[in-house]
Amino acid sequence: MLGVALVYVGFVLFMNGLMVLGKLNARHVFPMNLFAGALIVAGAMRTVFVHGGEIITYFYTMQSLLFGFTYLWVGINAIGNHEGKGLGWYCLLVSVVAVPTSFTAMPDIGLLILWLMWASLWFMFFLLLGLGKAIEKITGYWTIVNAIVTGIAGYTILVEIWPWQ
């Protein structure tokens, strides 16, 4: 499921990056955000229901929900034309959790790098949305870089190239 989720995260990040850069608007991106968020949340819940009972299951579920909930929130904000300040503060919490979580990926350096990239991106979303900092351009481009790297990572998982053994 991780490969599938990462491919769709790549798609949704790409579209959200274009939105941050002003190339798309909220109406253009809300379907992909709702789909990716629902896919991730459903996969996480399936994991709990099928493999629940072990603490590691809940840890992996928490990791998925950090991002799945973000995309659902972006989609809901877009549909309701809500401001993003609350989402921005949630992104701060995601970035704070993502930093130590990145080191649990060891010895997989690729996954560690992805987690650190996501942590930095969600911190930028906090600065942009939560604090209103004028960093749209750099945030938009960094979102697109994250999209490409994440999508490629997901694809390589699906074609069994990564993780490298």
Side-chain angles (χ1 to χ4, degrees), residues 1-49 58-102 105 111 113-155 157:
M1 182 67 190
L2 178 61
V4 172
L6 291 181
V7 167
Y8 279 94
V9 167
F11 292 162
V12 76
L13 284 175
F14 185 79
M15 294 181 75
N16 288 344
L18 292 175
M19 180 177 65
V20 171
L21 291 170
K23 306 294 183 192
L24 296 175
N25 66 41
R27 288 187 324 272
H28 300 133
V29 301
F30 87 83
M32 192 69 212
N33 277 279
L34 292 179
F35 176 76
L39 174 73
I40 294 167
V41 169
M45 292 298 97
R46 180 190 174 280
T47 299
V48 168
F49 294 133
Y58 296 109
F59 182 69
Y60 290 140
T61 299
M62 175 274 303
Q63 292 175 355
S64 297
L65 292 176
L66 288 172
F67 301 103
F69 189 64
T70 300
Y71 303 127
L72 289 175
W73 199 334
V74 170
I76 291 166
N77 278 359
I79 291 170
N81 200 29
H82 302 297
E83 69 161 64
K85 192 168 193 164
L87 174 59
W89 280 93
Y90 172 75
C91 289
L92 172 63
L93 301 174
V94 172
S95 68
V96 167
V97 171
V99 170
T101 299
S102 67
L111 198 52
I113 291 168
L114 276 172
W115 272 102
L116 291 174
M117 288 176 67
W118 297 330
S120 67
L121 180 60
W122 261 247
F123 186 73
M124 291 175 80
F125 291 149
F126 161 67
L127 295 174
L128 178 68
L129 300 170
L131 298 183
K133 301 292 182 187
I135 58 168
E136 290 85 0
K137 193 170 186 177
I138 191 168
T139 302
Y141 287 122
W142 185 234
T143 303
I144 290 171
V145 168
N146 272 261
I148 293 166
V149 172
T150 301
I152 289 171
Y155 186 83
I157 289 170

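The first residue of the sequence shown is numbered 1, and numbering continues consecutively from there.
Annotation: side chain of N16 is in contact with side chain of N33 (closest heavy-atom distance under 4.5 Å). The side-chain heavy atoms of V74 and N77, taken from C-beta on, include no pair separated by under 4.5 Å. Side-chain contact check for S120 versus W142: some heavy-atom pair is nearer than 4.5 Å. Side-chain contact check for E136 versus T139: every heavy-atom pair is 4.5 Å or farther apart. Taking the side chain as every heavy atom from C-beta outward, V9 and N146 never approach each other to under 4.5 Å. At least one side-chain heavy atom of M62 sits under 4.5 Å from a side-chain heavy atom of F59. Residues M117 and T150 are not in side-chain contact: their nearest non-hydrogen atoms beyond the backbone lie 4.5 Å or more apart. Side chains of Y71 and L13 form a contact here, defined as non-hydrogen atoms less than 4.5 Å apart.
Smallest separation of non-hydrogen atoms from A147 and G10: CB-O, 3.2 Å. Scanning both residues, W122 and C91, for their nearest heavy atoms gives O-CB, 3.4 Å. For the pair V99 and A119, the tightest heavy-atom approach, listed with the atom from each and the gap, is CG2-CB, 3.8 Å. The heavy-atom pair separating G75 from L34 by the smallest distance is CA-CD2, 3.8 Å. When all heavy atoms are compared, the tightest approach of A44 to L65 is CB-CD2, 3.9 Å. Residue A153 comes nearest to L114 through the heavy atom pair CB-CD1, 3.6 Å, listed as atom of the first residue, atom of the second, then distance.
Between W89 and F123, a ring centre-to-centre spacing not shorter than 6.0 Å is recorded.
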Pair Y8, F11 - check ring pair (Phe, Tyr, Trp, His ring centres under 6.0 Å), show working. CA-CA 5 Å; Y8 279 94; F11 292 162; 5.2 Å; yes
Item to complete: Could you check W118 against S102 for side chain to side chain donor-acceptor pair (under 3.5 Å), going step by step and ending with a plain yes or no?
Response: CA-CA 9 Å; W118 297 330; S102 67; over 6 Å; no
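With sequence neighbours excluded, the residues that form a ring pair (Phe, Tyr, Trp, His ring centres under 6.0 Å) with W73 are F69, Y90.
In this structure, I135 CD1 and F125 CZ are separated by 9.5 Å, a value rounded to the nearest 0.5 Å. Rounded to the nearest 0.5 angstrom, K23 NZ and I144 CD1 are separated by 9.5 Å. The structure places CZ of F14 at 13.5 Å from CE of M19, a figure rounded to the nearest 0.5 Å. Residue N81 holds its CG atom at 14.0 Å from CD1 of I76, rounded to the nearest 0.5 Å. The line from OH of Y141 to CE of M124 is 12.5 Å long, rounded to the nearest 0.5 Å. With values rounded to the nearest 0.5 angstrom, R46 atom CZ is found 11.0 Å from T61 atom OG1.
Atom CD1 of I138 sits in a sparse spot, with 12 or fewer heavy atoms from other residues, nucleotides or ligands closer than 6.0 Å. Heavy-atom neighbours of Y155 OH from other residues, nucleotides or ligands within 6.0 Å: at or below the threshold of 12.
Proximity of a side-chain donor or acceptor of N25 to a complementary backbone N or O of H28 within less than 3.5 Å is detected.
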